[in-house]
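Heads up: the structure comes next, in structure tokens.
Below, read A as the first sequence line, B as the second, and so on, with proteins coming before strands; counting in each chain starts at 1.
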Amino acid sequence: MTSNEIRQKFLDFFESKQHRIVPSAPMVVKDDPTLMFTNAGMNQFKDIFLGNRAAKDVRVADTQKCLRVSGKHNDLEEVGVDTYHHTMFEMLGNWSFGDYFKKEAIEWAWELLVDVYGLDKDRLYATVFEGDEADGLEADSEAEELWKKFLPENRILRASKKDNFWEMGDQGPCGPCSEVHIDLRSDAERKAKPGRELVNADHPQVVEIWNLVFIQFNRKADGSLENLPAKHVDTGMGFERLCMALQGKTSNYDTDVFGPLISEISKLSGTKYTSSDSQTDIAIRVIADHVRAVAFAIADGQIPSNNGAGYVIKRILRRAIRYGYSFLGFKAGFIHKLIPTLTAQMGVAFPELKSQEQLVTKVIQEEEASFLRTLDKGIDRFNNYVSGLKGKTIDGAFAFELYDTFGFPIDLTELMAREQNLNVDIQGFEEGLQQQKERSRAATATESSDWTVLRKDDREEFVGYDLLETEVFITRYRKVSAKGKEFYQLVFNITPFYAESGGQVGDTGYIEADGQKTFIFDTKKENDLIIHFAKELPANPEATFKAVVNAEKRQATALNHSATHLLHAVLREVLGEHVEQKGSLVNPDHLRFDFSHFSKVSDEELIDIEARINAKIRENIQLDEKRNVPLNSAKEMGAMALFGEKYGDLVRVITFDKDFSVELCGGTHAKATGNIGLLKIISESSVAAGIRRIEAVTGEKALETVNEAYEQFNGLKQLLKVKDPLQGVEQLQTKIKELERKIEGLNAKAASGLKDELLAKAVDKGDYKMITEKISLDDAAAIKNLCFDLKKESGLVALLGVISSGKPGLHLVISDDLVNSKGWKAGELIRELAKHIQGGGGGQPTYASAGGNDANGIPAALKALPELLS
RNA sequence: GGGGGAUUAGCUCAGUUGGCUAGAGCGCUUGCCUGGCAGGCAAGAGGCCACCGGUUCGAAUCCGGUAUUCUCCA
């Protein structure tokens, strides 16, 4: 059975059990501050479990792309070393939202595994929750009894809270779970040691394949549990492991999920894969795993970057490059060459991979090149350090600096050290890393208290499309402290405040009751909740409030948002259909739009784009807004399919001329394009490989911008008194250059005059000449020039006294031949001389300067020189 | 969000406790030589040492700020 067939059978099976089959949610998570990536199949249904959203279908099944890089069972550095951990993986799952419970879940699991897939039932084990005293929970004997229908008692095991009690986080829905494990060892091995002893023991061939979670409790912030009114089933089956079991393999990497990638890596590197623990095999596994994670993430719109989710992707990619570089001999980028193989294999089940192929390739290629540069620099730095190294140990602080500041991987440092018979102070390195981690944690620590619920209200409605002012109640609030600052998060029954989303910033404004205003400084979304940020809590939170949005800012933002849609549509007209939104920021001041495009947008194109947008503005196209449109109908309307919609979402469609711009969008918009007034593009730049950024202003801001430039231009015209200021400035520039040259000549002449004057006053001291004079030159550069001029003379010592910006100074020049023959050092002499003017100084043997406070001392200093020299 | 680093000629970079009116290689220009594959020799142009401020007799170098960028952590 191929992996594609296995996936399909799962979906078909649950469809036959009246489940709605839904598409995978994006792997990259938005609107959830606690999560960067989808790490389990249930993520997209979180709001249903939390009670924030009602389920549309009570039975659902899907395959979900997930990413895990940390957590209790997953450490990035372990992936590839063993044969069953992955960063990106597929999770097959079926759900019941308040519908069926343990009985059906267990029966169907058995039916699918044994009757449909034909797994050997003698190899299966089930675990059930053993109970927990601290939580006051009994063992899950209900599940245990159900399993007894299928399995002998000695293959049903009780397991601890750690393995068999599932929780979403510190708070929220949770419950006991029951897992199916499979023993894939040979008959001989199974005879020698019963599988039941290896369940939950991290054995690579006795593994969990399916986890059935029975959600029946809610964990409160104080740690206590309460029963949920509606009980849910949440299951997750690791697709790659299932394939391993069904294809009779002992490693996930030996299945056809990874096969094509592995043979391609093998081919590119000229290294054979032997499913062993050798470093080359580990490297091949690492790359095969990571390329999937990175490609899927980029296809979902997550570009490698320096923070947040982007940083995680970058780290995964760099780890793959590192392994290829160290163990497979890849000295140039190679990972991007694997993309066609991956797309061919998974592009059908995940069409986004196919449509984003070019971007994925380009982004990976660029990142590979950049990391290889980083490696080169690190190697230089390392060699430099080693050449000056006295002992045999590389300082931990240096290794950490290399890692922290220059991005050079520690294992490469160790590898290179070994090659030169050196060792690395790893403990010192770890200490540095630990300190850095603590610093970061301290800086981001936030603490939130329990929600104080004032009113039961499971749906907070956004009314801000139509109203900027309305009466609201606070339904719940909580205090949050971050970085020593405290503020409150408020949730209303209904709200006119737009929460930051789709690039549009959150609304600001205030709520008012009993004459007291509480300012809302930001509005954000947490899953489906709209959260209002306030510095303080109103005196009476249970009052009825008048909620008022800052209308001026909202309107300016709306103009920018509508303009963004026009820009998007025009970009596709001018540059081509490959242009897709990759990021967007819309605030009252300006708009920023990132999009896929593979070359610089030329000045001519920018002018064209701007002109077309402004033409659309003048057409004054009326806004056509449709709310609560099912996703399918929206697509039929020609709305650009954007990833990021969740199953069950009703979308909003914003149209400016159905033949021009139709977009799915939750943002606020101008009533007609004419309101935008004017759009002015401010800049075009690059953000990443294959992604360009355009920034623009609209409305009043645009007018201001244009006016400012116009005024400057007029001012220039008046100043220059010419028609064409550009030409005028050019003329001025050449003139200035000419004049500068002239001044230089004059200065040289004056200096040589002064020099001749000084030379005439030189006193003959036998084998050398000496000048001791007070001169009236103020400019430091000119004095220095004169001194260097004098230095060209042979057999000359000159001490010049000056008053520069009111302070006395001395300059001593000794010609090179005297420095050589007499051994005089101007730098030392000047320190003696400077005492006369109560100052200090220094310099080189041939030229030195000093400054001081007592101008009256200059004659004494001049007099002192002959004595010093004799 | 919090650290650390970098910014010097068109490009890649040196510049050592502050003291060459800033250097190298490549590239560029010009001239001469030359029977090829980055041809050789010579001369030359090219720098507000990122920007703003401070300390100092003196700052590319030290201190503060800004911008850009790299990087680690969250």
Roughly, in whole Å, what's the span from [atom1] in [X] to [atom2] in [N]?
| X | N | atom1 | atom2 | answer |
| --- | --- | --- | --- | --- |
| A/Leu812 | B/rG58 | CG | P | 17 Å |
| A/Arg318 | B/rC72 | CZ | C1' | 11 Å |
| A/Glu828 | B/rG19 | CD | P | 16 Å |
| A/Asp404 | B/rU71 | CG | C1' | 7 Å |
| A/Asn306 | B/rC72 | CG | P | 7 Å |
| A/Lys784 | B/rA22 | NZ | C1' | 11 Å |

Could you tell me the Watson-Crick or G-U partner of [N], where both distances fall under 3.5 Å? Say none if there is no partner.
| N | answer |
| --- | --- |
| B/rC51 | B/rG65 |
| B/rC26 | B/rG10 |
| B/rG58 | none |
| B/rG35 | none |
| B/rU16 | none |
| B/rG46 | none |

Of the nucleotides [options], which has the atom closest to the [X] side chain?
| X | options | value |
| --- | --- | --- |
| A/Lys437 | B/rA74, B/rU21, B/rG5 | B/rA74 |
| A/Lys314 | B/rC72, B/rU21, B/rA74 | B/rC72 |
| A/Ser849 | B/rC57, B/rA74, B/rU21 | B/rC57 |
| A/Thr374 | B/rA74, B/rC20, B/rU71 | B/rU71 |
| A/Thr405 | B/rG4, B/rC72, B/rG2 | B/rG4 |
| A/Ser440 | B/rA74, B/rC72, B/rG3 | B/rA74 |
| A/Lys377 | B/rC13, B/rG3, B/rC20 | B/rC13 |

query = For A/Leu67, which of A/Val29, A/Asp300, A/Thr87 qualifies under side-chain contact (heavy atoms from CB on, under 4.5 Å)?
reply = A/Thr87
Qualifying residue for side-chain contact (heavy atoms from CB on, under 4.5 Å) with A/Val797, from A/Val819, A/Ile771, A/Leu865, A/Leu790 = A/Leu865
note = Note: for A/His811 and A/Ala309 on RNA chain B, the residue whose nearest nucleotide lies more 5' is A/His811
Side-chain N or O of A/Arg315 closer than 4.0 Å to phosphate OP1/OP2 of B/rA74 = yes
query = Quantified in whole Å, what is the C1' atom distance between nucleotide B/rU7 and nucleotide B/rC52?
reply = 15 Å
query = Under the salt bridge (Lys or Arg N to Asp or Glu O under 4.0 Å) criterion, do A/Arg381 and A/Glu401 qualify, and how do the steps go?
reply = CA-CA 11 Å; A/Arg381 204 162 268 275; A/Glu401 186 196 18; 5.0 Å; no
task = Run the ring-centre check on A/Phe429 versus A/Tyr403 and record whether the distance is less than 6.0 Å.
result = yes
task = List the steps, then state whether side chain to side chain donor-acceptor pair (under 3.5 Å) holds for A/Glu695 with A/Ser683.
result = CA-CA 5 Å; A/Glu695 291 178 271; A/Ser683 77; 3.2 Å; yes
message = Should the side chain of A/Gln436 and the base of B/rC72 be counted as holding a donor-acceptor pair, with the cut-off at 3.5 Å?
response = yes
key: From A/Phe487, A/Phe519, A/Tyr488, residue fulfilling ring pair (Phe, Tyr, Trp, His ring centres under 6.0 Å) relative to A/Phe533   = A/Phe487
